[in-house]
*Asks:* 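So that we are looking at the same thing, I have put the structure below in structure tokens.
All of these numbers come straight from a predicted model, not from anything done at the bench.
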Amino acid sequence: MNQNLIKTFQERGYFSQCTDIEKLATILNSKKIKLYIGFDCTAESLHVGSLLQIMCLRLFQKFGHTPIVLLGGGTTLVGDPSGKEETRKILTSKEIDKNTKGIQKVFTQFLDSKKNKFIFLNNKKWLTKINYVNFLRDYGKHFTINKMLTFDSVKLRLDREQSLSFLEFNYMILQAYDFLELNNKYDCLLQIGGSDQWGNIINGIELIRRVNGKESYGLTTPLITNSSGTKMGKTEKGAIWLDAKMTSPYDYWQFWRNVDDADVIKYLKLFTEIPTEVIDGYKKDNKNINDLKIILANETTKILHGNESASTAETTAKKTFQDKSFGDDLPKIKFNKKEFKKGISLNALIIQINFAKSNGEYRRNIQNRAYKLNNEIVTEEKKIITLIDFKDKDILKISFGKKQHVLIHLID
């Protein structure tokens, strides 16, 4: 079965590089191992940009291996320079602890807590206890500045003559030490990370070899971009979070429903568990692209939010776009009924619900016929919203373009 793990990993598009793919495949076929991915705690949750790594952990767990989720309570204090043009914002310990708790919730949705139960660890536990002089004597001797300067996270910043602090320069050493710690205490044999982490992973493998005399392995995933070449997971409204409080199940469903046509087959392989032969069949059968987008939206939403949320989101979308009625899962904003007795200008309301950032943007959108009230296009720039505009149980649907909708719900 584990022979198929590497094959599945490659077929689904997860594979970028491996330090020794043949040896790793042999080991995976002969025994169950522990593997890890690290997640720094720079926000209150993870967003879709981290989903590929999470799906990798999920795949390995389904094949019987034990994932270690390493939360970077310690490394976040330093900040990973990879892929950044400037130093990350330095967070306080209190902020990092809060973020750690939020991120931890994400994995309970994606990983099995019963069979080969995954392990939660926080590198704050050991990194904050390091004696700096002893650490330099014991481990600093294994790293050369010459080699560290060749890694992309450092080289790109220096080539562009952008500042790289000594604090950030230490990050790769701390990440290498993490792998050594996990190898020592948990017999962790494999680190997985994005392709931008290749150099850091190699550092850890070499440190384990020099300190313990053991072999370990590294596996990286490709950088996922959409058809326009931009990093996936960001929209005009911001990041797509893996937390229902930050991105509602409906908005999450809509994100996947609205991906570019050219990305649908690729995303079905990366972010769902539909067998690859079935997905390839969709392509051969020339299945309707909009039907495939609904499959993608349903399957991704099921994994994160459950079957019921996925079904509700699809029903809401159908009511909103096809029936032009009110879906139960549309975002709702509550207002006191008293506020609309005298009336509120549509301009002010639009800015308040973030469908425009300024009066000028509002006017341009009106001229472009971008707003609808209860599915009717608004052309009156100075329109005043009163109680007369509300229908069906004191609800007013405001639409911006084809994809953004909000229900204004009146309360007494």
Side-chain angles (χ1 to χ4, degrees), residues 6-17 46-59 82-83 110 152 192-198 219-242 247-305 309-311 313-314 316-318 320-322 368 370 399-405:
I6 292 297
K7 182 182 176 183
T8 302
F9 197 88
Q10 293 171 323
E11 286 179 345
R12 299 204 77 95
Y14 296 154
F15 182 80
S16 176
Q17 292 185 88
L46 298 176
H47 57 67
V48 166
S50 298
L51 185 55
L52 182 62
Q53 274 69 48
I54 298 172
M55 293 300 290
C56 290
L57 291 178
R58 187 175 165 99
L59 178 65
S82 301
F110 285 96
D152 284 346
I192 301 176
S195 56
D196 60 341
Q197 296 296 316
W198 180 252
L219 188 59
T220 61
T221 59
L223 173 66
I224 303 301
T225 58
N226 58 32
S227 57
S228 63
T230 57
K231 200 171 181 180
M232 68 117 23
K234 297 289 183 74
T235 68
E236 291 178 5
K237 295 171 71 175
I240 303 301
W241 299 99
L242 305 178
T247 296
S248 71
Y250 174 77
D251 284 339
Y252 190 75
W253 190 94
Q254 278 293 325
F255 167 76
W256 296 105
R257 171 62 182 82
N258 293 320
V259 299
D260 292 335
D261 292 0
D263 294 322
V264 176
I265 293 296
K266 177 173 73 172
Y267 288 175
L268 281 167
K269 289 183 178 181
L270 291 172
F271 302 115
T272 78
E273 292 175 327
I274 300 171
T276 53
E277 58 268 24
V278 174
I279 297 170
D280 290 336
Y282 293 156
K283 196 174 181 181
K284 289 179 183 176
D285 297 340
N286 201 24
K287 195 172 177 69
N288 183 285
I289 196 67
N290 287 319
D291 291 341
L292 290 181
K293 288 182 179 183
I294 290 172
I295 292 171
L296 174 64
N298 282 336
E299 292 301 314
T300 51
T301 306
K302 282 178 188 176
I303 292 173
L304 177 58
H305 296 297
S309 290
S311 178
E314 183 181 4
T316 296
K318 184 176 183 296
T320 302
F321 297 108
Q322 296 179 24
N368 291 328
S399 304
F400 177 29
K402 294 181 179 180
K403 299 177 182 178
Q404 297 186 55
H405 309 271

*Asks:* Does any N or O in the side chain of R58 come within less than 3.5 Å of the main-chain N or O of F110, such that one atom is a donor and the other an acceptor?
*Replies:* yes
*Asks:* Side-chain contact, heavy-atom cut-off 4.5 Å: I295 with T272?
*Replies:* no
*Asks:* What distance separates F255 CZ from T247 OG1, expressed to the nearest 0.5 Å?
*Replies:* 9.5 Å
*Asks:* With a 4.5 Å cut-off on side-chain heavy atoms, are Q10 and I6 touching?
*Replies:* yes
*Asks:* Any side-chain heavy atom of D261 within less than 4.5 Å of one from K293?
*Replies:* yes
*Asks:* Might you work through the side chain to side chain contact (heavy atoms under 4.5 Å, CB included) test for L242 and Y252, ending with a clear yes or no?
*Replies:* CA-CA 8 Å; L242 305 178; Y252 190 75; 3.8 Å; yes
*Asks:* How long is the gap from OH on Y250 to CZ on R257, to the nearest 0.5 Å?
*Replies:* 10.0 Å
*Asks:* Over all heavy atoms of both residues, which pair between H405 and S399 is shortest? Give the atoms and the distance, please.
*Replies:* ND1-OG, 2.8 Å
*Asks:* Which pairs with one or both residues in residues 296-305 pass salt bridge (charged side-chain N to carboxylate O under 4.0 Å, His left out), sequence neighbours excluded?
*Replies:* E299-K302
*Asks:* Nearest 0.5 Å please: distance from the CZ atom of R12 over to the CG atom of L268.
*Replies:* 9.0 Å
*Asks:* How far does OG1 of T221 sit from CG of D196, to the nearest 0.5 angstrom?
*Replies:* 8.5 Å
*Asks:* Considering all heavy atoms of both residues, which atom of S16 and which atom of S195 are nearest to each other, and what is their separation?
*Replies:* OG-CB, 4.0 Å
*Asks:* Which residues satisfy the salt bridge (Lys or Arg N to Asp or Glu O under 4.0 Å) test with E314, sequence neighbours excluded?
*Replies:* none
*Asks:* Walk me through whether L51 and L304 qualify under side chain to side chain contact (heavy atoms under 4.5 Å, CB included).
*Replies:* CA-CA 10 Å; L51 185 55; L304 177 58; over 6 Å; no
*Asks:* To the nearest 0.5 angstrom, please state how far the CD atom of E277 sits from the CD atom of E11.
*Replies:* 8.0 Å
*Asks:* W253 and side-chain hydrogen bond (donor to acceptor under 3.5 Å, both in side chains): which single residue from T301, T300, N298 fits?
*Replies:* N298
*Asks:* Please find the pair of heavy atoms, one from G193 and one from Q53, that lie closest to each other, and give the distance.
*Replies:* C-NE2, 4.0 Å
*Asks:* What class does the angle between the rings of F271 and W256 fall in, given that below 30° is parallel, 30 to 60° is tilted and above 60° is perpendicular?
*Replies:* tilted
*Asks:* For the residue pair L270 and M55, what are the closest heavy atoms and their distance?
*Replies:* O-CG, 3.8 Å
*Asks:* In Å and rounded to the nearest 0.5 Å, what is the CG to CD1 distance from D263 to I224?
*Replies:* 10.0 Å
*Asks:* Does the N288 side chain pair with the main chain of N290, one donor and one acceptor, at a distance under 3.5 Å?
*Replies:* yes
*Asks:* Of all residues at least two apart in sequence or in a different chain, which pass the side chain to side chain contact (heavy atoms under 4.5 Å, CB included) check with D280?
*Replies:* K269
*Asks:* Apply side chain to side chain contact (heavy atoms under 4.5 Å, CB included) to the pair I192 and Y14, showing each step before the final yes or no.
*Replies:* CA-CA 10 Å; I192 301 176; Y14 296 154; over 6 Å; no
